[in-house]
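Chain identifiers are assigned alphabetically (A, B, ...) following the order of the sequence lines, protein sequences preceding nucleic acid strands; residue numbering begins at 1 within each chain. Note: hydrogens, waters and symmetry copies are ignored here, and every other heavy atom, side chains too, is used.
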Number of protein chains: 2
Amino acid sequence: MTDARRRKFWGWGWEDESPSPEHQGKIAELIADRFAIAVPQAAEPPTIDQIALRAPRLTPPAPLAALCSTTPYDRAGHTYGKSFRDIVRGFHRDFSNPPDVVAFPANEADVVALLDWCATSDAAAVPYGGGSSVVGGVEAPIEGYAGTVSIDLGGLDRVLEIDRVSRCARIQAGVYGPALEDTLRPEGLTLRHFPQSFEFSTLGGWIATRSGGHFATLYTHIDDFVESLRVVTPSGIVQSRRLPGSGAGPSPDRMFLGSEGILGVITEAWMRLQDRPRLRTSTSVTFAEFANGAAAVRAISQAGLYPSNCRLLDAGEALTSGAGDGSVAVLVVGFESADHAPDAWMARALECCGDHGGVVPDGAGKTRSDEGATREGAAGAWRNAFLRAPYLRDALVAMGMVSETFETATTWDRFAEFHAGVMGATEEAVQRVCGSGTVTCRFTHAYPDGPAPYYSVIAPARAGSQLEQWAEVKAAAAEAILRHGGTITHHHAVGRDHRPWYDQQRPDGFASALAAAKSALDPRGVLNPGVLIDPVRSGAPGLPQGSATTE
Amino acid sequence: MTDARRRKFWGWGWEDESPSPEHQGKIAELIADRFAIAVPQAAEPPTIDQIALRAPRLTPPAPLAALCSTTPYDRAGHTYGKSFRDIVRGFHRDFSNPPDVVAFPANEADVVALLDWCATSDAAAVPYGGGSSVVGGVEAPIEGYAGTVSIDLGGLDRVLEIDRVSRCARIQAGVYGPALEDTLRPEGLTLRHFPQSFEFSTLGGWIATRSGGHFATLYTHIDDFVESLRVVTPSGIVQSRRLPGSGAGPSPDRMFLGSEGILGVITEAWMRLQDRPRLRTSTSVTFAEFANGAAAVRAISQAGLYPSNCRLLDAGEALTSGAGDGSVAVLVVGFESADHAPDAWMARALECCGDHGGVVPDGAGKTRSDEGATREGAAGAWRNAFLRAPYLRDALVAMGMVSETFETATTWDRFAEFHAGVMGATEEAVQRVCGSGTVTCRFTHAYPDGPAPYYSVIAPARAGSQLEQWAEVKAAAAEAILRHGGTITHHHAVGRDHRPWYDQQRPDGFASALAAAKSALDPRGVLNPGVLIDPVRSGAPGLPQGSATTE
């Protein structure tokens, strides 16, 4: 955080980056028109002096005092992630359960000392990367602890080593996306992992939550880019070996990938990088029906072509994002490479589109070399809209709307029924709860065995009832997802908010095993309690007494 | 096992498939010539009537008696895997620690009942697929148990469901490679996973050991083909959800992948399949130096081309396999697809070879469509030799030779030093221990961040000292691998034989977590004791009493 610009403590991004009053006015008119409601007035965002915080219940020991903050800005800013629910609570000036202390470790030894302090003082330790969780992943537990320390890893923000030969780098976990790419760019390298939260999320957060990047196929989750990890647990430091591949037992890295801060604090990783792409081809193909577009995506995914982009938007989603007129589905398909012109790849992908009724623009599919050039065209416009979307969401919340997304994945054989079931259940709930509203869908990722559909909901809400209304819609959507064979999350993580459905989805035996692993690494149960599983807490550090089996 | 053909109880494959006496004679002459020793006499393989087995220490309960065998053939045949060490012990008629009972469950309920019996009778349960372990993965523990039950999954051998749309199948774990492919072929599908053990190994074994397939890049380990798993543990059945991708917590499947039978018995999996390739292009490129070939492999691996074959043989390995004259390194590079002619892919790969001094044959790289045709050419010859190699190894053992392999993976930045160090240490040990011998190397798999080198050792041994001599060479090789930053195994698994080095390689905290997970799923510690970790055994089923932390 620089002196010049400050992050919003209550919402997405920089304080000075929200839509202008003019832009907000236009959005308000569009909403009034689309949902046939009165032009909504935007509520004033909160200021920090309006926030009443509970007095801190913890006092850091003297050696840690310099790392710790109890300022209202830091505590309020670390109270929530960035979900719709979080932004609404921010607008309501509801910061009733803030962390007691926000710690800013400068190195790994600080992290060790902070976990020791939490263990001995019965405090919950909540690892905090960029704070972009949309699933309640960085909140303080309500009860059961003497207090909560939010551990902000932002000080561990360096690229420590670059191995140009193997195309890897040893990177501290607290680095934000843009700073990481700025460091790699002069080497001609990129992590090439661009989640929507890219600007305000960190490497450690991506790893802890199995983040999904912008690219559609092959390397989607951060998982495949992790070569080795270094994790501080209350029982010691776990460091895996740098290896391109291994078959020596279950993968240690895969245990920490998706562990969401309950097993340890990731401090470093060796990450697999790529040469920066310089040859690109991209085009938009229209389909009369979403189902035809889905069939084309399936064909492309199963052909072994691995496009970088393969984003199918339904007609409503295409309209909202400016990629279509609302009458047709749009598939943005693109290839990029640092090595070779991907013309042959694109040509075959466009054949697949044609096979399924796609309308391919004349002359589509030519590669351009764009070293140094900014991104242009439909894909570039989409990308900018994609990164700006969270700012827009804050504006919609200010106008009293429900505006949220949910995402999943399922297999192709079930997709038609799945999609109809999830859309139907969500639209029914939106109508029932909000009176009107839109539910739209796009594919964020595509696998040979199934797509990852992503749904967006915008609906007018009753003043003061936004949270309850959304909770009802979310429950209907989540139940339909589980009923029809999807996952409660493809890349947004579980946190606390997805627990009711995750608890149904994950095998009981795996939950037992994970709880036992947690007891071994975190015997006092201090790490991010309530996320993924309920910790078994023992009386003395290092001496678990409870049964590790929760079945 | 059919009535017509019987598996060797002491070595690789069918009893009637060993090299003919004439072939053995030629091998003996070649060996005498290469190592300047007397022409070795081949020892007679053991017959089952020569084997004296300890009386069974367990009696199956009546309801399980029909599934259980105590015949000498079954017990001897389930005593070992198929490593050099195993074959030597077989030739020595040393079957001093056989399983007491071999069980052949016909369904999942049988597996549950067998594990219940083991837990209540204090017996070790050793899951057994095809018995192709080369790391002591299927042996009975020496002590600490009332006896051992080898659970042969060969009766669970059916493909239960095929989902043509998502290209997946639900498959029982005990199916052997050829039977699986025979079932998928009429559907135009293939698992496309061909480990060297393919003919005599099973799906469940591949998953439990993170098997590596024949293909060189992208999809190497079985891990990526697993869509969901069903596992019988002593604490209950664990079934994960069919999903093309998910970010809901750590992957349950990845905990069982590589668990080598210590957490449960895999009974079924939904596996990702592929359309059967019909368009292929393959060629052999020669390099004056192995290092240049390695540089070409690195370039190809980092280019995003994903060849199916990218197998670099050093000069000695090329000579042994008939792919070269011993003066040059040979890279067999190939692409195949069910969807598109991979000419553009091959053209770029051959440019990478040329950039690093590779000599590309004129006219190389044209795609041929070979539906229904048998494989031909260098790649086909290599493949046949590859699958026949284990039979040859048995013949070398019969002649008193040391003949074994070891394999690993490391990053590109360290490769030159790594390879020199491992070759040097191994060659030094071979000279010191055996007087003469050859150590050769090939790459089995290649990743953007490093290769998987595979080393073969052939050396003359002193009569009666084969095991001790190999143990000394293996220790020297393994220590060099760890010292120079490799993994003790890329795809042969850990078993019991790799424990000394695996225990150094895996992070202690991960071992604690894995031990705790095992205690939750297998509280009596009956499953495959001694593999990967030492089990913590509790007094009563379902009530672990020991600390889950082993650090």
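Counting heavy atoms of neighbouring residues, nucleotides and ligands inside a 6.0 Å radius, atom CD of B:Glu161 exceeds 12 of them.
Rounded to the nearest 0.5 angstrom, A:Asp163 CG and B:Asp449 CG are separated by 9.0 Å. One finds the CZ atom of A:Phe510 at 8.5 Å from the CZ atom of B:Phe256 (value rounded to the nearest 0.5 Å).
A pairwise comparison of heavy atoms in A:Pro244 and B:Thr411 identifies CD-N, 4.0 Å as the closest pair. Of all heavy-atom pairs spanning B:Val238 and A:Gly509, the tightest one is CG2-CA, 3.8 Å. Contact between B:Ala409 and A:Leu243 at its shortest, heavy atoms only, is O-CD2, 3.4 Å. B:Ala303 and A:Ser337 make their closest contact through O-OG, 4.5 Å (heavy atoms, listed as atom of the first residue, atom of the second, distance). What you find for A:Pro448 and B:Arg167 is that their closest heavy atoms are CB-NH2, 3.9 Å.
Taking chain A as the reference chain and counting heavy-atom pairs below 4.5 Å, the highest number among B:Gly486, B:Cys168, B:Ala344, B:Ala208 is found for B:Gly486. In terms of heavy-atom pairs under 4.5 Å with chain B, the best-connected choice from A:Ala517, A:Ser246, A:Gly450 is A:Ser246. Between chain B and the options A:Pro342, A:Ala248, A:Ala446, A:Gly264, heavy-atom pairs under 4.5 Å are most frequent for A:Ala248. Residue with the most contacts toward chain A among B:Gln239, B:Arg164, B:Glu260: B:Gln239 (heavy-atom pairs, distance under 4.5 Å). Ranked by heavy-atom pairs shorter than 4.5 Å toward chain A, the options B:Gln505, B:Gln274, B:His491 are led by B:Gln505.
Looking at A:Leu482, the atoms closer than 4.5 Å to chain B (heavy atoms on both sides) sit in the backbone and in the side chain alike. Neither the backbone nor the side chain of A:Thr233 comes within less than 4.5 Å of any heavy atom of chain B. Within the 4.5 angstrom heavy-atom criterion, only side-chain atoms of A:Tyr219, from C-beta onward, approach chain B. For A:Leu514, the part lying near chain B is the side chain, with the backbone staying farther off; criterion is any non-hydrogen pair under 4.5 Å. When heavy atoms are compared at a cutoff of 4.5 Å, A:His490 approaches chain B by way of both its backbone and its side chain. B:Arg506 does not touch chain A: none of its heavy atoms, backbone or side chain, sits under 4.5 Å away. Neither the backbone nor the side chain of A:Thr220 comes within less than 4.5 Å of any heavy atom in chain B. Residue B:Ser211: no heavy atom, backbone or side chain, is found under 4.5 Å from chain A.
For the pair A:Arg210 and B:Ser251, the minimum side-chain heavy-atom distance is below 4.5 Å. In this structure, A:Pro250 and B:Leu532 have side chains that are in contact, with non-hydrogen atoms separated by less than 4.5 Å. By the 4.5 Å heavy-atom criterion applied to side chains, B:Arg254 and A:Leu257 are not counted as neighbours. Between B:Arg242 and A:Arg414 there is a side-chain heavy-atom pair separated by less than 4.5 Å. Residues A:Tyr306 and B:Leu218 meet the side-chain proximity criterion, which asks for heavy atoms closer than 4.5 Å.
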Does B:Arg241 form a side-chain contact (heavy atoms from CB on, under 4.5 Å) with A:Ile488? I'd like the steps, not just the answer. CA-CA 11 Å; B:Arg241 189 167 270 234; A:Ile488 192 59; over 6 Å; no
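Looking only at distances, a side-chain donor or acceptor of B:Gln302 sits under 3.5 Å from a matching main-chain atom of A:Val165. Between the A:Ser166 side chain and the B:Asp413 main chain, a donor and an acceptor come within less than 3.5 Å of each other.
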